[in-house]
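All of these numbers come straight from a predicted model, not from anything done at the bench. Residue numbers start from 1 in every chain, and the chains themselves are labelled A, B, ... in the order their sequence lines are given, proteins ahead of strands.
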Protein chains: 2
Amino acid sequence: MVQIPNPPSPDSPAPRSVPTSADVARLAGVSRATVSYVLNNTGAVRISEPTRRRVHEAARELGYVPHAAARSLRAGHSRMVLMPTPSFPAGPLYTRFLGELQWALGRLDYTVVQYGTAAPHEEDAARAWAELRPVAVLAPASDLGPRGVDVLKRSGARAVLTLGPEPVDGAHALLTDQEGVGRGATRHLYDRGRRSIGVVVPAESGLDVFSAPRLAGARHAVEGTDATVTVLPLAYEEQDAARLAARWGSLGLDAVFAYNDEYAMLLMRALQDEGLDIPGDAAVIGADDLMLGRLLRPRLSTVHLELPAGRDLAALVDRAVHDPGAPPERHKVLGATVVHRESS
Amino acid sequence: MVQIPNPPSPDSPAPRSVPTSADVARLAGVSRATVSYVLNNTGAVRISEPTRRRVHEAARELGYVPHAAARSLRAGHSRMVLMPTPSFPAGPLYTRFLGELQWALGRLDYTVVQYGTAAPHEEDAARAWAELRPVAVLAPASDLGPRGVDVLKRSGARAVLTLGPEPVDGAHALLTDQEGVGRGATRHLYDRGRRSIGVVVPAESGLDVFSAPRLAGARHAVEGTDATVTVLPLAYEEQDAARLAARWGSLGLDAVFAYNDEYAMLLMRALQDEGLDIPGDAAVIGADDLMLGRLLRPRLSTVHLELPAGRDLAALVDRAVHDPGAPPERHKVLGATVVHRESS
DNA sequence: TTGAAAGCGGTACCAA
DNA sequence: TTGGTACCGCTTTCAA
């Protein structure tokens with residue numbers, strides 16, 4: 001069956017069908033094989049210079065672009081690294097990290113794809129990702145159970161890496177020690193003499209992945225001491241912060257770990273508006289070490305987070321891809337350091 | 001050539017090759033066609049209940065996941081909407097917008113994919129995207145010239161939408177009126193009696209896409225008046241802000257449009273540290289209407305940006321896909337409103 | 001140096 | 001109700 005080249009439409013700009021390598025071959029007067037050889041610069045086969053030129057010329061003229069799906073179907077594998085689009089509002093920290101990682105993976109000739117449609121159920125998500133047959137998957141541990149890892153591996157993913165506080169069976173783990181953040185912050189407050197410590201837990205959904213372990217770390221830090229930890233739910237709104245500040249006196253707290261710098265700014269402002277002295281009446285510490293903390297007065301104490309360099313992580317992915325049989329590795333990827341400023 | 005099913009490795013867990021629909025068919029004792037019918041719930045074909053059960057059972061047992069590339073190769077089209085990963089550090093505004101859009105497109109059964117490897121040259125980028133044969137592409141106008149649009153369309157993209165201040169030939173345009181932001185902010189300062197207006201231009205690369213039109217808008221706002229606009233390059237560092245603040249007196253300015261709220265916070269802090277009164281000595285206005293502006297003292301004036309609802313934009317994409325022949329539409333997608341607070 | 005042809009994994013037409 | 005089969009676009013072996 002011959003494909004109809006151009007539906008006879010005298011006046012409308014003929015909606016050319018997408019050119020294939022066969023079209024290029026036809027126009028150049030060679031076979032499809034030759035086209036493939038030329039365009040992929042196959043080393044093992046020598047093509048004469050005039051032929052090469054003709055093929056390139058034809059490809060350019062037709063605006064030929066190879067079909068990635070067909071290629072990887074034939075090849076039996078792709079170079080796609082899949083990451084789900086984060087479900088939480090990514091801060092500057094994570095954004096920069098992601099950018100670096102993508103760049104580094106690009107250098108290793110991987111194509112990074114962020115898959116952006118959240119599935120309701122965890123295993124469905126894994127199946128949806130698996131349909132794309134990525135060579136590697138890097139996902140939050142919270143989005144991927146052991147079943148999900150299995151689905152991906154059975155569909156040919158040579159490396160599955162999870163990012164989160166706990167490892168997932170069968171996958172390489174990048175352990176983000178969020179507990180350490182809460183522990184460090186709280187221990188710092190304790191060391192500064194505080195004993196009644198509030199811990200902000202954002203009301204916004206999606207953040208519990210971070211806030212839960214941070215809270216757990218805080219609790220852990222005061223275990224066996226005379227200090228107490230009080231949970232302070234807080235929505236990221238001025239009103240809610242004002243409400244919390246208004247009943248501050250009745251809470252009997254002398255310090256607060258405010259989840260991160262942004263929530264810290266919100267709460268600190270509300271406390272100051274209530275006439276409280278920071279750190280006199282209440283010590284405040286945030287986390288993430290954002291610029292804004294340095295700009296506040298008093299300057300905001302915080303927990304600085306050291307994310308792994310994109311290059312290193314890209315190299316890890318590459319190694320994992322090359323050796324799919326290797327036992328899952330575990331890497332700590334969150335260096336947490338308390339930065340003491342003026343607010344605590 | 002028969003594929004070797006299981007490399008003889010007596011002790012290691014046999015690395016099964018990826019199951020295909022043929023494997024499912026074999027196990028269920030039916031043909032590949034039947035498998036396809038059952039798993040896709042093809043309406044036109046009735047399959048007996050026992051057979052359906054056997055097929056589903058076999059698929060489950062093998063952990064079968066269909067191969068998206070093979071499917072879309074056969075179908076001749078995909079439901080993939082491709083967006084390049086933004087090259088600038090996406091703020092909370094853009095992040096939320098993106099999330100909404102992805103969700104809305106997901107509801108329309110599109111798969112959103114963020115392509116995350118920047119190509120050096122613009123047309124190369126378009127070609128790289130075109131290899132994936134997305135049904136629609138949504139990209140910053142700065143990443144996509146008319147040639148790029150053409151490449152995409154010739155490779156079967158049914159809709160190409162650009163996001164930026166200027167339309168791109170052949171593509172639907174979502175016009176982000178960044179000029180309007182600068183114009184609004186500057187006109188506001190002018191209306192408040194200011195005549196020597198500084199405009200911050202971030203030193204960080206990648207932001208010029210926004211800063212250039214914002215500056216142009218500022219210039220436009222004072223055209224034909226007795227006011228002047230002075231460009232103030234500023235890196236997002238305390239030091240650089242301090243430097244700028246130190247020579248503030250010599251600049252003879254009485255107001256500044258600080259690019260956005262974050263740069264405004266940085267600069268305002270530096271000016272205050274220099275002992276200047278805001279807005280007495282210098283009026284300050286930011287943009288983006290972030291939470292932090294409301295928390296500053298004095299409260300930061302800003303320009304509120306109204307991004308289009310994800311639902312509406314998703315609907316627009318869907319319409320464009322359904323009618324690829326339609327002439328390019330243009331939509332203004334940035335409602336800019338000055339929010340007057342205390343800093344100006 | 002070039003061409004013919006098989007086959008990657010699905011889908012859908014046609015026949016049984 | 002089910003099976004056989006052609007075909008989507010590309011790569012690669014084998015022959016010429």
Spacing of A:R133 atom CZ relative to C:dG10 atom C1', expressed in whole Å: 11 Å
Phosphate OP1/OP2 of C:dG10 contacted by B:Y64 side-chain N/O (<4.0 Å): yes
Touch class at under 4.0 angstrom, heavy-atom based, for B:V45 against every strand present: base
Residue pair A:E131, A:R127: steps toward the salt bridge (Lys or Arg N to Asp or Glu O under 4.0 Å) verdict: CA-CA 6 Å; A:E131 291 193 1; A:R127 229 188 309 280; over 6 Å; no
Sugar-phosphate only, base, or nothing, as touched by A:R52 at under 4.0 Å among non-hydrogen atoms: nothing
Shortest side-chain distance from A:R46, nucleotide among C:dT1, C:dC14, D:dT12: C:dT1
Salt-bridge present (B:R147, B:D150; N to O < 4.0 Å): no
B:S21 side chain near C:dG10 phosphate (N/O to OP1/OP2, under 4.0 Å): yes
N/O (side chain, B:T20) to phosphate O (OP1/OP2, C:dG9) under 4.0 Å: no
Residue mapping more 5' on DNA chain D - nearest nucleotide basis, B:R32 or B:G29: B:G29
Length of the line joining B:L73:CG and D:dT11:P, which is rounded to integer Å: 12 Å
Sugar-phosphate only, base, or nothing, as touched by A:S48 at under 4.0 Å among non-hydrogen atoms: sugar-phosphate
Value in whole Å for how far the P atom of C:dC8 lies from CZ of B:R71: 19 Å
Separation of D:dC7 C1' from B:H77 NE2 (nearest whole Å): 15 Å
Note, B:L175 side chain near B:V333 side chain (heavy atom, < 4.5 Å): no
Sugar-phosphate, base or nothing in reach of A:R74, heavy atoms under 4.0 Å: base
Salt-bridge present (B:E100, B:R311; N to O < 4.0 Å): no
Short N-O contact, A:R60 and A:E57, less than 4.0 angstrom: yes
Touch class at under 4.0 angstrom, heavy-atom based, for A:V55 against every strand present: nothing
Whole-Å distance separating the CG atom of A:N41 from the P atom of D:dT11: 13 Å
Minimum side-chain heavy-atom gap A:K153-A:V149 below 4.5 Å: yes
Given D:dT2, D:dT12, C:dG9, the nucleotide with the shortest approach to the side chain of B:I47: D:dT2
Value in whole Å for how far the C1' atom of D:dG3 lies from CZ of B:R26: 15 Å
Interatomic distance, B:Y37 OH vs C:dG10 C1' [rounded to whole Å]: 12 Å
Atom-pair distance (CD on B:E49; P on D:dT1), nearest Å: 11 Å
Under-4.0 Å side-chain N/O to phosphate OP1/OP2 contact, B:T34 with D:dT2: no
Sugar-phosphate only, base, or nothing, as touched by B:T51 at under 4.0 Å among non-hydrogen atoms: sugar-phosphate
